[in-house]
Amino acid sequence: MHRPEDAQPLDVDDVALSDPIPGDLVSAGVADDRQPLVTGASPPPSALVTPDAGVRVSGDVVDLTLDEARRLILRAQGLLGADGRKGGAHAMLRRLGAVQLDTISVLARSHELVAYARLGAVSRPAVERAYWHDPARSFEYWCHAACILPIEHWPLYSFRRRAFRERKFRWHEVPDSVDKLLDQVRDSGPLMTSDVGGAKNGGPWWDWSDSKIGLEWLLDIGELVCTRRVGWRRVYDLAERAIPADLLAQDLTDEECITRLAGIAGRSLGVANRTDLIDFLRLKGRFAAILDEALLSGAAGLTPVTVAGWPGKKGQANAWADPAALASEPRGRHRTTLVSPFDSLIWHRGRTERIFGFTYTLELYVPKHKRVHGYFTMPVLAGGRLIGRVDPAREGTTLVARQVHLEPGLSPAKWAGAFADALWSAAEWVGCDSVRVERADPPELVTMLNAPR
């Protein structure tokens, strides 16, 4: 995968972190949304749903309208109600289960934008401390992509570490010097690629040095771990030093790992079909089969539901929901915010269209002359829906909206205020004191959004 010619320069210490998990460990073409789920041996939903939940129970399956499902999803994602702000970024990571990393920084890096979308004007240093702390509170590994994960989830990814060991290579051939690198970390303590010769050979960003390949391989298989960064560069340390001993000692089977991760993914997503869960964890082959069994047997702890309008067969569940989420009706204020392209709310583009009726493509990989909405287009969330998109940039202390697009059929007069709130809130968070909109669809939004506040 290549970066476009006008992309921000990459840090040489990192691959493009938005790229998928290498090789056979990722589902290159995830399961079709149309594959139905059969009701399994989950606890009867009638025992899990309280009378005030506002949902209907048909036999063993909970019936949800699309609006009900959407509200459950937004609450689970911390974007509806006050609970999503409790505990700050540290608690937010645990609610989401995973926060994706990416090298690109327009307004801020994506892992900061994810926190901002839920917490508002939280300080960026506070976000960094919540993710990378000493002692370790989180670690970096492959989930949906390269993600920050709660430290207590370390044992759950042993299935993937074992799979890497069996595979014996990643994007690049693993160098013979890998054992010497491990010894160097053991003897010298935590280090960065700059301590062992640098990350690149001098060519394109993917032309890694043997040292970088070796360190990343040791991270893949769990000999090394990254629990903190310095200047956006990974610090590699021995897992036995950085991971708490009780977590390191846990030896889970593949089935135990995936079953527990399925529950985590289901709680994070709120309501999800099989495709959504597969995409969250990037599973295929025998790992996807383990997920299916965990869902159908009820071991994942998720409740079968039918969401109106989602693909599926009549009389069968077409999705799964967190039973705790079904136990109360989502209430509270909707967040109005810009959403990172790498936010778990919109990771799966088919899911985004299913939930919001919003077709979204990240165009930074599209040649500039072919882009429709812009380089780093961010959806705008307001009133529990995605109302449009913005292509942001910064010029000094001005947040520039190079393009603004309102979704077809929505009234500019009704939604201009929400657009303005989203833009000004983001501007103030990143230290800008003005906002300028250059182009808009419909055009009258330019005047409306550029009006003095």
Side-chain angles (χ1 to χ4, degrees), residues 14 17-18 21 73-103 105 108-157 160 219 225-230 232 234-235 239 242-244 246-247 257 260-270 272 276-277 279-282 322 324-325 335 337-348 381 429:
D14 268 306
L17 296 175
S18 57
I21 300 171
I73 289 163
L74 288 167
R75 183 177 64 180
Q77 282 279 300
L79 294 162
L80 171 60
D83 286 349
R85 296 191 296 277
K86 291 180 178 177
H90 180 70
M92 181 209 71
L93 172 61
R94 275 138 189 84
R95 283 191 290 270
L96 294 182
V99 171
Q100 185 174 340
L101 291 159
D102 194 81
T103 55
S105 180
R109 293 197 190 274
S110 185
H111 64 280
E112 298 169 322
L113 291 168
V114 168
Y116 161 74
R118 289 152 179 82
L119 306 176
V122 59
S123 78
R124 294 164 72 179
V127 174
E128 298 296 315
R129 287 193 300 272
Y131 291 148
W132 294 292
H133 194 72
D134 188 15
R137 302 169 80 183
S138 59
F139 71 104
E140 296 183 24
Y141 201 63
W142 298 103
C143 179
H144 169 82
C147 290
I148 306 172
L149 305 164
I151 194 70
E152 59 268 25
H153 292 184
W154 170 267
L156 307 183
Y157 288 87
R160 184 155 281 153
L219 185 144
V225 65
C226 174
T227 61
R228 64 187 178 97
R229 285 181 175 241
V230 175
W232 187 243
R234 278 178 172 161
V235 177
I243 303 297
D246 61 326
L247 298 176
C257 292
R260 288 171 60 179
L261 285 170
I264 290 167
R267 288 189 292 275
S268 170
L269 296 175
D276 301 332
L277 296 169
D279 181 72
F280 189 105
L281 299 169
R282 292 291 173 96
D322 173 19
R335 287 283 296 153
T337 184
L338 302 183
V339 179
S340 165
F342 306 113
D343 194 300
S344 53
L345 179 70
I346 58 170
W347 267 347
H348 188 314
L381 179 70
W429 177 61

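Side chains included, hydrogens not; waters and symmetry mates left out as well; all remaining heavy atoms used.
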task = Using the side-chain contact (heavy atoms from CB on, under 4.5 Å) rule, take Tyr131 and Arg229 through it: C-alpha gap first, then chi angles, then the decisive distance, then the call.
result = CA-CA 10 Å; Tyr131 291 148; Arg229 285 181 175 241; over 6 Å; no

So, [X] side chain and [Y] main chain: donor-acceptor pair closer than 3.5 Å or not?
| X | Y | answer |
| --- | --- | --- |
| His111 | Asp102 | no |
| Arg335 | Leu381 | no |
| Arg75 | Gly81 | no |

request  = Evaluate the criterion side-chain contact (heavy atoms from CB on, under 4.5 Å) for residue pair Val114 and Phe342; output intermediate values, then yes/no.
outcome  = CA-CA 8 Å; Val114 168; Phe342 306 113; over 6 Å; no

Looking at [atom1] of [X] and [atom2] of [Y], how far apart are the two atoms once the value is rounded to the nearest 0.5 Å?
| X | Y | atom1 | atom2 | answer |
| --- | --- | --- | --- | --- |
| Asp279 | Ser344 | CG | OG | 10.5 Å |
| Ser138 | Trp154 | OG | CH2 | 12.5 Å |
| Ile73 | Leu79 | CD1 | CG | 11.5 Å |
| Leu119 | Met92 | CG | CE | 6.0 Å |
| His348 | Leu269 | NE2 | CG | 10.0 Å |

If you define the side chain from C-beta out and look only at heavy atoms, does anything of [X] sit under 4.5 Å from [Y]?
| X | Y | result |
| --- | --- | --- |
| Trp142 | Arg160 | yes |
| Leu261 | Tyr157 | yes |
| Leu156 | Ile264 | yes |
| Cys147 | Leu101 | no |
| Leu113 | Leu338 | no |
| Val225 | Tyr141 | no |
| Ser268 | Arg95 | no |

query = Can the positive tip of Arg109 be found less than 6.0 Å from the middle of the six-membered ring of Trp232, inside 45° of the ring normal?
reply = yes

query = Sequence neighbours excluded, which residues qualify as side chain to side chain contact (heavy atoms under 4.5 Å, CB included) partners of Arg137?
reply =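 Per chain and number, Arg137 pairs via side chain to side chain contact (heavy atoms under 4.5 Å, CB included) with His90, Arg94, His133.
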
Determine the minimum heavy-atom distance between [X] and [Y], stating which atoms define it.
| X | Y | result |
| --- | --- | --- |
| Leu247 | Pro155 | O-CG, 3.5 Å |
| Ala89 | Ala130 | CB-CB, 3.6 Å |
| Thr337 | Ala117 | OG1-CA, 3.5 Å |
| Ala98 | Leu149 | CB-CD2, 3.5 Å |
| Asp322 | Gly266 | CB-O, 4.2 Å |
| Ser340 | Ile346 | O-CD1, 3.4 Å |

message = Test of understanding: with salt bridge (charged side-chain N to carboxylate O under 4.0 Å, His left out), list the residues that count as partners of Arg124, not counting sequence neighbours.
response = Glu112

inquiry  = Below 30° counts as parallel, above 60° as perpendicular, anything between as tilted: where do the rings of His144 and Trp347 land?
reply    = parallel

note = Those residues at least two apart in sequence (or on a different chain) that pass side-chain hydrogen bond (donor to acceptor under 3.5 Å, both in side chains) with Asp343 are Arg118

message = Does Ser110 form a side chain to side chain donor-acceptor pair (under 3.5 Å) with Gln100? I'd like the steps, not just the answer.
response = CA-CA 7 Å; Ser110 185; Gln100 185 174 340; over 6 Å; no

